[in-house]
Amino acid sequence: MIDLARIRADFPILGETIRGKPLVFLDSAASAQKPRPVIQAMVHAMEHQYANIHRGLHWMSERTTEAYEEARDAVAALINANDRHEIIFTGNSTGAINLLAHSYGRGVMKPGQAVVISEMEHHSNIVPWQMLRDAHGIELRIAPITDAGELDLAAFEALLADGKVGLVAITHMSNVLGSYTPAERICTIAHAYGAKVMFDGSQAIVHRRIDVQALGADFYCFTGHKLYGPTGIGVLWGRRELLDAMPPFMGGGDMISSVSFEASKWAEVPHKFEAGTPAIIEGIGLKAAIDYVQAVGYDAIAAHEAALTDHALARLGNVEGLTILGRAQDRGGVISFTLAGAHPHDVATLLDRQGIAVRAGHHCAEPLMRRLGVDSTARASFGIYTTAGEIDTLADTLGKIREFFT
Amino acid sequence: MFDDVRDLYNKTILERGRKPLHMRALAAFDVTAKGDNPMCGDRVEVWVKLAESGVIAETGYKARGCEISVVSADLMVEAVAGHSPAATKALFSSFRQMVETGICADCDEALQPLSAVHKYKSRIKCATLPWHALIAALDGTTASVSSEGGST
C-alpha cells in the first residue's frame with residue numbers, strides 16, 4: 001500500500017486551488033506533476049553544482065558530469081539495461097523515435113524493407129516513420145486493433161509473414177485507450193520473422209516496472225516529464241550491438257572522437273548519439289524522479305493504480321450518457337470517454353470551472369480517433385498521487401454536466 | 001453548480017448548440033472555404049451565395065466541433081446576411097475585438113451571446129474559426145485556414 005497522504009504532500013502543486021476549488025489534476029498522461037525532490041535536485045544543481053559536462057577539467061565540471069552520468073545509471077537500473085552505454089539521452093520520446101527512424105531507419109534498413117506500427121499510436125510514432133517511408137523507400141504497415149482496443153495479434157503476425165519487416169515500432173500503452181500491448185508476444189513474433197522491436201513506453205513506464213531484457217525488446221523509449229521528472233529529457237535504450245551499427249543522428253560537439261576538415265570519427269555509444277551540450281539540469285532532475293518512483297516502488301504504484309482504474313471504470317460507467325472507449329483486458333489509468341449531447345471541449349471547460357483538469361481533443365492520435373469513429377474525446381488520466389475521491393468528484397461533476405447540456 | 005459559466009453557456013448558446021438553425025451545405029454557391037483547427041480537431045466548411053450587387057445573399061456551413069464554434073458559425077450566418085465583403089471583414093474585426101477583450105463598440109446584436117468568450121482564453125479560437133473560413137471564402141483562398149497558433 002502506498003501512503004497517499006505522504007505522496008500528495010510531496011507534490012507542492014497539489015495544494016493549489018483553481019478559482020477557490022482544490023485542483024483535481026487528471027491530466028497526468030499529458031505531463032505529470034513534479035515531486036519536491038525533483039524540484040530541489042534541479043535547484044540545488046543550479047545553485048551549488050553546475051558547469052558544462054564531459055569537457056571541463058575543473059571541480060565544478062567534474063562534479064556536474066558525475067551527477068549527470070548518475071542519471072544514466074539510474075535509467076539503466078530502472079529498465080534493467082545490460083549496459084549503461086545503451087542509455088541515450090534525447091529531448092523526449094519524439095526525439096528518441098526520430099533518432100531511431102534516422103539512424104536505424106536510414107542507416108541500417110534498406111529500401112524495400114518495411115516498418116510496422118499500430119493503429120493506436122501517438123503522432124510521434126507515426127510521422128517519423130512516414131518521413132522515413134517517403135525519404136528512404138521504406139514501406140509503412142499498420143497493425144490493426146480490435147474493437148476492444150487491443151492489438152490484433154493474428155493480423156499483426158500476418159503483416160510480418162513476408163519477412164520484409166525490419167522494425168516494429170509500437171506503443172507499450174495507448175495514451176488514449178490505456179490498453180497495454182502484449183510486449184513479450186510482440187517480440188517473440190517479430191523476432192521469428194527477423195524484425196527488431198521498439199516500444200514507445202511514454203505511458204507504460206509511468207505505471208509498470210519495465211525490464212527491457214525480460215520483454216525481449218530491441219529498443220525502448222520514454223520521456224522524463226510523464227515520469228514525474230522535468231521536460232526536455234527523454235531516453236532511447238537500444239541493444240549495444242544495434243546501437244554500435246547505427247550511424248549518428250546529429251553531428252556536433254560531444255559526439256566525436258576526432259575532427260579534421262577531411263573527416264571526423266564518431267565517439268562510442270552513447271555519446272555518438274548525444275551531439276551538443278545536453279539537458280544537464282534536466283538529467284539531474286530525471287535521476288531524482290527515478291529515485292522517487294523507485295522509493296515508492298512499482299508494486300505499490302501498480303496496485304494503487306489498478307484499484308483506481310477499477311473504481312473509475314465503475315463510477316464513470318454509471319454516468320448517464322457516458323461512453324468509455326476501449327475495453328481492453330490489460331489496461332491502466334488512462335480513460336477516454338464521450339458524453340452524449342456535450343462536445344469534449346465543452347465538457348473540459350465545465351470541468352475546469354470546478355477545478356478538474358482533463359484533456360480533450362484528439363490526443364495526438366487522429367488515426368485512432370477515426371478508427372474509433374469519434375472526432376475527439378475527453379480523457380482522464382491518473383498518477384501516483386490520484387485519489388479515489390478525485391474520481392468520485394469527476395464522476396459526480398460529469399453527471400451534472402450531462403444535465404446542464406440536456 | 002455551473003452558475004459561473006452561464007455567461008459563456010447562456011440560453012442562446014445552449015439552445016443553438018442543441019439545435020443550430022443554419023447548419024446546411026448550399027447546393028448553389030459562389031465561393032466556399034474550409035477552416036481547420038488541427039490541434040483541437042474543430043473543422044468548419046462555409047458556402048456563400050452572393051447577390052448581383054456583391055453582397056452576401058446566403059451563407060451555409062457544416063461544422064464539426066464544440067458548442068462555441070458551432071454556435072458562432074450559426075450566429076455568423078445571420079449577422080453577415082446582406083453585408084458586402086468589406087463590411088463582413090469590418091464586422092469580423094469588431095467581433096474579434098469582442099471575443100478577445102469583451103469590448104465591442106459596433107458589434108451586431110446577434111453576436112452578443114458570444115461576448116463572454118474573452119474570459120475563456122482557450123476558447124477564443126473556437127469562436128473565430130468559422131469567421132476565418134468565411135473571410136477565406138470571400139477572398140478566394142483555397143487552402144484550409146486556421147485560428148490556432150497564436151493568431152485568433
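Using a distance-only test at 3.5 Å, with no hydrogens or angles considered, a donor-acceptor pair links the side chain of R18(B) to the main chain of F405(A). Side-chain N or O atoms of D346(A) include one that pairs as donor or acceptor with a backbone N or O of E67(B) at under 3.5 Å. A donor-acceptor contact shorter than 3.5 Å is absent between the side chain of Q354(A) and the backbone of F2(B).
Atom CD of Q112(B) has more than 12 neighbouring heavy atoms from other residues, nucleotides or ligands inside a 6.0 Å radius. Shown here is K34(A), whose NZ atom has more than 12 heavy atoms of other residues, nucleotides or ligands within 6.0 Å. When the shell of 6.0 Å around CE of M23(B) is examined, it contains more than 12 heavy atoms from other residues, nucleotides or ligands.
Heavy atoms of T397(A) lying under 4.5 Å from chain B belong to its backbone as well as its side chain.
Considering only heavy atoms from C-beta on, R353(A) comes within 4.5 Å of Y120(B) through its side chain.
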What's the verdict on side-chain contact (heavy atoms from CB on, under 4.5 Å) for D42(B) and H343(A), showing C-alpha distance, side-chain angles and the deciding distance? CA-CA 11 Å; D42(B) 282 2; H343(A) 190 279; 4.0 Å; yes
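Ion pairing between a basic and an acidic side chain is recognised when a charged N comes within 4.0 Å of a carboxylate O; D352(A) and R123(B) show no such pairing.
Across C66(B) and H345(A), no two heavy atoms sit closer than the pair CB-CB, 3.8 Å.
Of the listed residues T349(A), I401(A), T406(A), the one with more heavy-atom pairs under 4.5 angstrom with chain B than any other is T349(A). Of the listed residues (G65(B), G41(B), S69(B), P38(B)), the one with the most heavy-atom contacts under 4.5 Å to chain A is G65(B).
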